[in-house]
Amino acid sequence: MQPNDITFFQRFQDDILAGRKTITIRDEAESHFRAGDILRVGRFEDDGYFCTIEVLGISTVTLDTLTEKHAQQENMTLSELKQVISEIYPDQTQFYVIDFKCI
């Protein structure tokens, strides 16, 4: 079985598959992806494969510079997005926005 290149929490799977979630915000450990990369996607909880994505672009952002557009691309409100990012990456300030589409 092929390994997954990136994982998402299971709660995001339906939004990704439906095209409602089109970005992911990650820390430096996952800043190496580049536009054009084709990635196998798995669930964080069980590493089960559920789709393949193409990376469309990468940009940097801080918690303070997150916008309503980022929140829409994540299919949540801006306050929800800031809370989720703070919970996943406590004490971090710089992040990498990975724009993607399912293929």
**Prompt:** Do R26's NZ or CZ and the ring of Y96 fall within the cation-pi criteria of under 6.0 Å and 45°?
**Reply:**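 No, a cation-pi geometry is absent between R26 and Y96.
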Tell me if a side-chain donor or acceptor on [X] pairs with a main-chain N or O of [Y] at a distance below 3.5 Å.
X   : Y   : value
N4  : I6  : no
D15 : F12 : no
D5  : R40 : yes
E45 : Q10 : yes

**Prompt:** Residues sharing I103's hydrophobic cluster, by side-chain heavy-atom contacts under 4.5 Å among ILVMFWY, directly or via others?
**Reply:**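 Answer for I103: I38.
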**Prompt:** With sequence neighbours left out, which residue pairs that include part of residues 18-44 fulfil the ring pair (Phe, Tyr, Trp, His ring centres under 6.0 Å) condition?
**Reply:**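 Found F9-F44.
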**Request:** Just do the side-chain contact (heavy atoms from CB on, under 4.5 Å) check on F95 and T60 with the steps written out, would you?
**Result:** CA-CA 6 Å; F95 306 99; T60 58; over 6 Å; no
Do [X] and [Y] have side-chain heavy atoms sitting under 4.5 Å apart?
X   : Y   : answer
L63 : S86 : yes
V84 : R11 : yes
R43 : F50 : yes
L66 : I25 : yes
C51 : L17 : yes
E74 : T22 : no

**Joint hydrophobic cluster, F8 plus I88, side-chain heavy atoms closer than 4.5 Å** =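 Yes, F8 and I88 fall within the same hydrophobic cluster.
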Calculate, to the nearest 0.5 Å, the distance between atoms [atom1] and [atom2] belonging to [X] and [Y] respectively.
X   : Y   : atom1 : atom2 : answer
Q94 : T62 : CD    : OG1   : 8.0 Å
L39 : T7  : CG    : OG1   : 11.5 Å
K21 : Q72 : NZ    : CD    : 14.0 Å

**Item:** side-chain contact (heavy atoms from CB on, under 4.5 Å) partner of D37, chosen from I53, L56, I58, V55
**Value:**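 So the option named by the test is V55.
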**Asked** What's the shortest heavy-atom distance between T77 and A71, and which atoms?
**Response**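 Answer, listing the atom of T77 first, then A71: C-CB, 3.6 Å.
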**Request:** Would you kindly say whether Q83 and E87 are connected by a side-chain donor-acceptor distance under 3.5 Å?
**Result:**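 There is such a pair (donor and acceptor under 3.5 Å, judged by atom type) between the side chains of Q83 and E87.
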**Request:** State which residues pass side chain to side chain contact (heavy atoms under 4.5 Å, CB included) with S59; sequence neighbours excluded, sorted by chain then number.
**Result:**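 Once residues adjacent in sequence are excluded, the partners of S59 under the side chain to side chain contact (heavy atoms under 4.5 Å, CB included) criterion are V97.
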**Prompt:** Counting heavy atoms not belonging to E28, are there more than 12 under 6.0 Å from its CD?
**Reply:**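 Counting neighbours around CD of E28, 12 or fewer heavy atoms of other residues, nucleotides or ligands fall under 6.0 Å, so no.
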